[in-house]
Amino acid sequence: MYAVVRRIPCGRVATYGDVAALAGRPGRAREVGWALHALDAESRVPWQRVVNARGEVSARGEPAAARVQRALLEREGVRFGSSGRIDLAKHRWGPASRGKAAPR
DNA sequence: GCAGTGACTAGTA
DNA sequence: ATACTAGCCACTG
């Protein structure tokens with residue numbers, strides 16, 4: 001699970017569903033959320049690159065953290081949309097974007 | 001063991 | 001476009 005998150009390259013993001021699928025657990029997006037919840041700041045896991053299906057960071061009850069997460073992603077080169085959302089078509093790390101731009 | 005909650009997703013209205 | 005519902009699985013009370 002954490003290995004998958006660590007494999008997300010800089011400037012890329014993945015959805016919970018993608019991480020779950022890559023971790024061998026398709027459909028268990030909530031499990032990913034729980035796993036990251038149990039993470040520590042010392043885990044060296046780029047949990048910031050994990051976002052929900054809308055391309056937005058999750059608030060986990062502390063909006064401040066989401067704001068920090070967004071800043072980190074921007075620093076990595078991730079461009080946010082008009083609503084503070086990420087363009088998943090460009091930054092999504094997954095089977096449909098690995099090395100190829102998603103048409104349409 | 002059952003019920004409630006949760007860093008989610010997809011479908012329907 | 002948003003709001004609500006159902007499905008999904010793990011953890012807590």
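Quick note on labels: first sequence line is chain A, next is B, and so on, each numbered from 1. Just so we're clear, the structure is a prediction, and the values are computed from it rather than from any experiment. We use all heavy atoms of the structure for the numbers below, so side chains are in, but hydrogens, waters and symmetry mates are not.
Taking only side-chain nitrogens and oxygens, A:T15 never comes nearer than 4.0 Å to OP1 or OP2 of B:dC8.
Between A:Y16 atom OH and B:dA7 atom P there is a gap of 9 Å when expressed in whole angstrom units. Between the CE atom of A:M1 and the P atom of B:dC8 there is a distance of 14 Å, given to the nearest Å. With rounding to whole Å, A:R28 atom CZ is found 21 Å from B:dG6 atom P. Atom CZ in A:R54 sits roughly 11 Å away from atom P in B:dA10 (whole-Å rounding). The separation between A:E31 atom CD and B:dT5 atom C1' is 16 Å, rounded to whole Å. Atom-to-atom, CG of A:L39 to C1' of B:dG6 comes out at 16 Å; the value is rounded to the nearest Å. The distance from atom CZ of A:R92 to atom C1' of B:dC8 is 13 Å, rounded to the nearest whole Å. Following rounding to the nearest Å, A:R49 (CZ) and B:dA7 (P) show an atom-to-atom distance of 23 Å.
Here A:R30 lies in heavy-atom contact (under 4.0 Å) with a base.
Hydrophobic clustering (ILVMFWY, side-chain heavy atoms < 4.5 Å, transitive): A:V4 and A:Y2 are in one cluster.
Across every non-hydrogen atom of A:A29 and A:Y16, the tightest pair is CB-CB, 3.7 Å.
Between B:dG6, B:dA7, B:dA10, one nucleotide has an atom nearer to the side chain of A:W34 than all others, and that is B:dG6.
For the atom pair A:R6 CZ and A:S43 OG, the distance stands at 8.0 Å (nearest 0.5 Å).
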